[in-house]
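These notes concern the structure reproduced below.
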Amino acid sequence: MTAAKEDEKRLPDLPNVENSGVVMRLAPSPSGPLHIGHARMSILNDEYFRRYGGKLILRIEDTNPANIEPAAYQMIQDDLKWLEVNFTDLVVQSKRFDIYYDEMKKLIEMGKAYVATTPTEEFKAKKQKGMPIKERDESPEENLERWSKMVSGEYEKGEVYAVVKTDLDHPNPAIRDFIAFRIIDIPHPLEGDKYKAYPMMNFSVAIDDHYLGLTHVIRGKDHIANTEKQKYIFGYRNWKVPYYLHYGKVSIEHSILKTSLIKKGIRSGEFSGWDDPKLGTLLALKKRGFDPLAIRKYYVESGIGSVDTTFSWEIFYSFNRKIIDNRSPRHFFVNQPVYLDFDFEGTLTADIPLFPQSNRAGEHKNRHYTVGKGTIIISSQDYQKFNGELVRLKDLGYFKIEPDEIHYVGTSINEDVQKWSPNKPLGKVPIIHWLSGNEIPFVVAKPDGTVDTGLVEKNALNYLGTVHQFERYGYVNVLNEKEGYFTHP
RNA sequence: GCUCCGGUGGUGUAGUCCGGCCAAGCAUAUCGGCCUUUCGAGCCGACGACUCGGGUCCAAAUCCCGGCCGGAGCACCA
């Protein structure tokens with residue numbers, strides 16, 4: 001066990017770590033709850049925070065009111081808690097406008113920023129050619145005057161913007177002078193209409209990364225160009241630049257992650273909520289019964305490489321399966337049931353383990369059933385596949401399936417059994433699951449949007465709110481007495 | 001188009017910085033076997049990869065050049 005643990009994959013060490021540890025950040029925008037994609041940045045940062053100590057700051061980046069879901073401020077924190085990411089500080093950017101304003105003013109005074117009313121089309125076009133717009137060359141005093149008018153709300157949306165200078169000759173046009181502030185005229189969910197001039201992400205991030213004392217920044221490589229822009233601000237102020245690490249893009253297929261789409265779907269009734277099984281939100285994964293450790297393991301295993309990858313649900317499922325398998329009670333769920341007549345004199349008994357591989361006392365409980373003349377239920381899939389053949393009903397005995405009925409053959413492999421299956425090697429008889437009495441209707445909602453309707457052992461209701469292994473079917477989080485969410489095969 | 005980054009089996013990765021111990025490790029998937037009643041778990045085995053072409057070198061997955069393919073940025077989003 002210990003040896004196996006040592007073999008476990010480990011993230012590479014970080015450079016420039018001091019004795020006091022690291023200061024890192026999680027910087028989501030509050031547009032909705034976190035999803036499986038956000039989990040990567042959360043876990044990577046948290047893993048290093050756990051290794052080195054220091055601070056892990058949750059910084060909610062709410063500088064675009066158009067893109068804010070008020071409930072997200074709390075949902076994000078709950079999601080992180082579920083992931084066992086224990087951030088040490090909480091910072092909300094909309095509470096820091098004064099700092100941003102001060103800093104912008106300083107940059108303008110230094111001649112490192114300007115405020116423009118030139119149409120942005122011209123700004124962009126000139127930037128492509130490496131040419132300045134007129135405000136760039138105007139004095140700090142003139143720009144300062146426009147700046148104070150901009151902050152006090154004397155301009156309308158679209159009329160003015162503030163720019164941080166970089167280098168107009170930069171070979172990469174994406175890095176040349178970038179907009180740092182713009183006017184927004186819709187109210188902010190937290191601040192109302194207190195502010196008109198809103199910082200752009202590249203500005204507020206640079207300022208906060210410095211004042212919050214970030215030592216290491218780990219984020220997706222879509223931010224590489226942003227990092228270059230932000231470094232100009234650090235350079236102007238002579239601030240110590242954090243160590244940046246950009247990991248590659250993860251494409252998460254077969255999953256709905258876009259907040260705008262999810263919100264729309266919730267409104268239209270297509271999704272039952274943020275935790276609909278069709279979604280890739282952490283809320284949905286939680287409700288499907290995933291263990292957050294599986295997510296952590298997956299992303300640690302994936303590392304921080306800069307190559308783009310595709311999220312492998314297969315491997316993720318496998319990690320989760322290994323975690324939950326032992327603690328998942330076993331039950332029979334018969335999907336699309338077929339009722340077969342069972343004409344039999346006498347009684348058969350079945351003792352089916354609830355936790356087959358558990359050694360712990362108290363968990364050896366079996367599901368005990370007696371079966372006599374009446375009905376035996378199997379899934380239509382098994383019925384179609386094995387009609388006319390010999391099967392083993394798990395923990396009950398050998399049976400021959402015939403149209404609409406089923407016959408008992410024997411309990412163990414003997415001559416009686418053999419004569420039913422003359423051409424099959426013994427021990428190769430298919431084992432299928434079944435129900436006979438004690439079953440209740442049950443539906444399983446699956447991530448692909450389909451629903452399986454069937455019957456489950458009534459005993460399963462003694463374990464509500466936990467993940468079960470429905471034998472030969474898959475893992476299911478049993479939510480209540482009639483419905484469960486499919487976890488994975 | 002402009003700037004930049006990257007390409008290891010079906011999938012996810014280790015190794016690439018500091019060439020040799022890599023005729024390439026691990027995981028997952030698939031197939032087979034065992035555990036004598038799960039299509040789960042566990043154990044054992046099989047399968048399967050260095051994007052291509054040149055170059056340097058005694059020696060290249062690792063260094064250099066070019067092609068091909070993929071990705072990112074070029075927002076009054078984050």
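Letters A, B, ... mirror the listed sequences (proteins, then strands); counts begin at 1.
With hydrogens and angles left out, the side-chain atoms of A:Tyr475 and A:Asn320 include no donor and acceptor closer than 3.5 Å.
Minimum atom distance to the side chain of A:Val307 is reached by B:rG7, of the listed B:rA75, B:rC5, B:rG7.
A donor-acceptor contact under 3.5 Å is formed by the side chain of A:Asn172 with the base of B:rG73. Side chain A:Glu228 to base B:rG73: no donor-acceptor pair is found below 3.5 Å. Judged by atom type and distance alone, A:Glu301 reaches the base of B:rG12 through a side-chain donor-acceptor pair under 3.5 Å.
When ring centroids are compared, A:Tyr232 and A:Phe178 stay outside the 6.0 Å threshold.
B:rU38 atom P lies 12 Å from atom CZ of A:Arg367, rounded to whole Å. A:His223 has its NE2 atom 16 Å from the P atom of B:rA75, to the nearest Å.
Across all strands shown, B:rG12 is found opposite B:rC26 as a Watson-Crick or G-U wobble partner, with both distances under 3.5 Å. Summarising the base pairing, B:rG45 is matched to B:rC31 through a Watson-Crick or G-U wobble pair whose two defining distances lie under 3.5 Å.
Of the options A:Tyr161, A:Tyr155, A:Trp147, a ring pair (Phe, Tyr, Trp, His ring centres under 6.0 Å) to A:Phe181 is made by A:Trp147 and by none of the others.
Nucleic acid contact for A:Arg176: none, since no nucleic acid atom lies under 4.0 Å from a heavy atom of the residue.
Residue A:His170 is the one, among A:Tyr298 and A:His170, whose nearest nucleotide of RNA chain B lies closer to the 5' end (criterion: closest heavy atom). Both A:Phe470 and A:Ile224 lie close to RNA chain B; mapped to their nearest nucleotides by heavy-atom distance, the more 5′-ward contact belongs to A:Ile224.
In this structure, A:Ser29 does not reach the B:rC77 phosphate: none of its side-chain N or O atoms is under 4.0 Å from OP1 or OP2.
Salt-bridge check for A:Glu47 with A:Arg296: passed, with a basic side-chain N closer than 4.0 Å to an acidic carboxylate O.
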